[in-house]
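This report refers to the structure that appears directly beneath it.
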Amino acid sequence: MRWSQTLIPTLKEPPADAEIVSHQLLLRAGLCRKLTGGLYTFCPLGLRVLRKVEQIVREEMNRAGALEVLMPALQPPEIWQRSGRYETARDVLYKAKDRSNKEWVLSPTAEEVITTLAASEINSYRQLPLNFYQISVKFRDEIRPRFGLMRAKEFIMKDAYSFDMSDEAAMASYRKMYDAYTRIFARCGLQAFPVEADTGVIGGNYSHEFMVPAETGENEVVYCESGKYAANIEKATSRGPLVPIPTVSTGPAPEKFATPGVVTIDALSQAPYGVPAAAQVKTLIFIADGKPVIVLVRGDDQLNEAKLAGKLGATAFRAAVPEEIVAAMGAKPGSLGAVTSTRKDTAIRVFADEQLRSARGMTTGANEDGFHLRHVDVDRDIRVDVWADLRTVRVDELAIETGLPMKIRRAIEVGHVFKLGTKYSEKLESSFLDVDGQRKPTVMGCYGIGITRTLQAVIEQCHDKDGIVWPMSVAPYQVLLTPLGAAGSATMQLGEELYRQLSEAGIDVLLDDRDERPGFKFKDADLVGIPLRVSVGEKSLAKGEVELKPRGGALQAIRKEEAVAQVIAHVREALKKLS
RNA sequence: CGGGACGUAGCUCAGCCCGGUAGAGCACCUGGUUUGGGACCAGGACGUCGCAGGUUCAAAUCCUGUCGUCCCGACCA
């Protein structure tokens, strides 16, 4: 391609609405443009990168034995109702109506459709295993689109769904995808690593996310430096808090004491009360499917809402508002407690974090504004309905596996693999006859990669102060030719000749044939980030030379006769490193 | 949805407090000079100041509403 004949709208300054560097470079390098919040048009250069990422994904999915299909983006709500997700996922579902007022769902993912296909087409164990994938546009009514392509209302996702005859077989399918993902991100030049993950609204019981470390990432990953443990903070566990919990009883029964104006854990830990946060019980009220629930964690712990969601088994839950809290507990936030004898309504279920089991000598709210209770022994004074791990792990806590302190870092989630089990196959009736003639539900897995997000994650990880530094495998063009003279000059003539030869050799080459000054071309070249630049200038041409300049590497003069062969060798070598 | 910031030329922004002529740099068009790290000179084109009301002799500027964008939180590839 000749630069003068395509559209690469580079920008000297970052647009005001781009906050993070990858979003800025996405726009500055002319890869895409915003139509409106969360919706982007891919310009020619950006589309080339997108296609390259897709192709890597396609090759690795095919290699892993998955079959490419294409499902409708417009889906009937009935199948969403059958899976139950018409309700549980309703906040992210875009809906549209047709002329007869019938409602349709714009696909945010495709478990329902693929399981419908499996239900009608898979009948025998002899057909299994099967794994279907597609690369297509997905729609999600995101609460807040953010950071360009990172979180958009419409994005491109590769989604795959495996069907197996048993749990063990499903595990093997899962493993294949896990390995394929590892290869995919490596080929894209990304340093991504798998972490244990929460399963969220999709459901299922086993899951990993592939994370790209980045300060701008929306996730927090807890990891042990031994490499033996890494998990999303929503899922992460540890050997427990560094400060132990009190286990010695301080009195025969809870004792009420006045705490006027004290409504925070912190205030109660100060003089004159001096109750350490670790010796307090934090009482939180949530509304789950319309009903209040009480949630208890240690005073110095943070509730992990993802963990709570998993235990509540509710389709929807949220923090209670003050009026709801007063109605349920008889006191305002700051004086709440779960001590059974002080409860206004003892029918409300109590969920408590495991750390509170057998905690003694604790302090908590008295359900009376301005009063707390001391000498609370949890096992004696509080009726707990559900014990569970509900706390958020903190930095330096010890890993269960290794006993070593763990760290926390931010990361971008680019892929997610789930073992789904039979949740969807049962609801949408995908079953098969086993060897012994028994009808069984297929055991499913599902596997997603955010293609557009991966593209931006590459930029987030591969850039310097001057612009993008594309890995050869996903670069929009592999080689950029920059003749420095004007049209008709000797340098431009040689540029044209190299362009012809490299194109014929199958190299993706972009010729900067614009009538611009050298400095201008170099700035654009660095910004756009083509991995290998070949410059043809008057001075070097006089010596019979051209210059090879890998993006981010050192300039090298070579004989012009050797240019084509050297460029091809360089491209092949770079691709080989990423294969 | 809660909290915050911002909407002025294609882009980045000034002007707004303190009401009175709509500005700069970059980009764009024409001509000329330039040509190894975002050139220079001369000329030109580009705006219902997000939108709608209101106050006023007069509104980019003050008031009210509304729409949009971005950031922080809940959601996720």
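This structure is a prediction, so every number in the text was calculated from the model and none was measured. Note on naming: letters A, B, ... go to the chains in the order of the sequence lines (proteins, then strands), and numbering restarts at 1 for each one.
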Chi angles and distances behind the salt bridge (Lys or Arg N to Asp or Glu O under 4.0 Å) call for A/Arg151, A/Glu218: CA-CA 10 Å; A/Arg151 177 174 299 282; A/Glu218 296 188 86; 3.2 Å; yes
Remember a base hit wins even if backbone is also touched, and classify [X] as base, sugar-phosphate or nothing at under 4.0 Å, heavy atoms.
{"X": "A/Ala152", "value": "base"}
{"X": "A/Asp91", "value": "nothing"}
{"X": "A/Lys34", "value": "sugar-phosphate"}
{"X": "A/Phe210", "value": "nothing"}
{"X": "A/Glu218", "value": "base"}
{"X": "A/Pro108", "value": "nothing"}
{"X": "A/Asp141", "value": "nothing"}
{"X": "A/Gly537", "value": "base"}

A/Asp179 and salt bridge (Lys or Arg N to Asp or Glu O under 4.0 Å): which single residue from A/Arg175, A/Arg183, A/Lys176 fits? A/Arg175
Go through the side-chain N and O atoms of A/Thr482 and A/Asp512 and say whether any donor and acceptor fall under 3.5 Å apart. no
Taking atom types as modelled, find out whether A/Ser207 and A/His416 have a side-chain donor-acceptor pair closer than 3.5 angstrom. yes
Partner nucleotide of [N] by Watson-Crick or wobble geometry (both distances under 3.5 Å):
{"N": "B/rU33", "result": "B/rA39"}
{"N": "B/rA59", "result": "none"}
{"N": "B/rC28", "result": "B/rG44"}
{"N": "B/rA74", "result": "none"}
{"N": "B/rA9", "result": "none"}
{"N": "B/rC16", "result": "none"}

Among [options], which nucleotide has an atom closest to any side-chain atom of [X]?
{"X": "A/Glu13", "options": "B/rC75, B/rA77, B/rG25", "value": "B/rG25"}
{"X": "A/Glu547", "options": "B/rC76, B/rG36, B/rC75", "value": "B/rG36"}
{"X": "A/Ala16", "options": "B/rC1, B/rC70, B/rU12", "value": "B/rU12"}
{"X": "A/Lys539", "options": "B/rC71, B/rG36, B/rA77", "value": "B/rG36"}

Distance-only donor-acceptor test (3.5 Å): side chain A/Arg151, base B/rC76: yes
Could a donor-acceptor pair under 3.5 angstrom be found where the side chain of A/Ser535 meets the base of B/rG36? no
N or O in side chain of [X] less than 4.0 angstrom from [N] OP1/OP2:
{"X": "A/Arg144", "N": "B/rC71", "value": "yes"}
{"X": "A/Arg146", "N": "B/rG73", "value": "yes"}
{"X": "A/Thr109", "N": "B/rA77", "value": "no"}

Is A/Arg140 close enough and on-axis enough to A/Tyr94, meaning under 6.0 Å and within 45°, for cation-pi? no
Do A/Phe147 and A/Ser22 have side chains that get closer than 4.5 Å, going by heavy atoms? no
Closest-nucleotide mapping onto RNA chain B: is A/Val536 or A/Pro145 further toward the 5' terminus? I mean the 5' end. A/Val536
Along RNA chain B (nearest heavy atom to each residue), the more 5'-positioned of A/Glu538 and A/Glu305: A/Glu538
side-chain hydrogen bond (donor to acceptor under 3.5 Å, both in side chains) between A/Tyr133 and A/Asn131: does it pass, once the steps are laid out? CA-CA 7 Å; A/Tyr133 77 97; A/Asn131 187 340; over 6 Å; no
Protein-nucleotide distance (A/Asp515, atom CG; B/rG31, atom P), rounded to Å: 13 Å
To the nearest Å, how far apart are A/Lys153 NZ and B/rG68 C1'? 11 Å
Extract from the structure each pairing of a protein N or O with an N or O of nucleotides 37-41 of chain B at less than 3.5 Å, listing the distance.
residue: B/rG37; atom: O6; partner: A/Arg533; partner atom: NH1; Å: 3.4
residue: B/rG37; atom: O6; partner: A/Arg533; partner atom: NH2; Å: 3.4
residue: B/rG37; atom: N1; partner: A/Asp526; partner atom: OD2; Å: 3.1
residue: B/rG37; atom: N2; partner: A/Phe522; partner atom: O; Å: 3.4
residue: B/rG37; atom: N2; partner: A/Asp526; partner atom: OD2; Å: 2.2
residue: B/rG38; atom: O2'; partner: A/Lys12; partner atom: NZ; Å: 3.0
residue: B/rG38; atom: N1; partner: A/Asp524; partner atom: OD1; Å: 3.2
residue: B/rG38; atom: N2; partner: A/Asp524; partner atom: OD1; Å: 3.2

Please measure how far the C1' atom in B/rU56 lies from the corresponding atom in B/rG10, and state the result in whole Å. 35 Å
Could you give me the CA-CA distance, side-chain angles and deciding distance for A/Glu545 and A/Lys560, then say whether salt bridge (Lys or Arg N to Asp or Glu O under 4.0 Å) is met? CA-CA 5 Å; A/Glu545 291 175 341; A/Lys560 69 178 186 196; over 6 Å; no
More than 12 foreign heavy atoms under 6.0 Å from CD of A/Gln81: is that the case here? yes
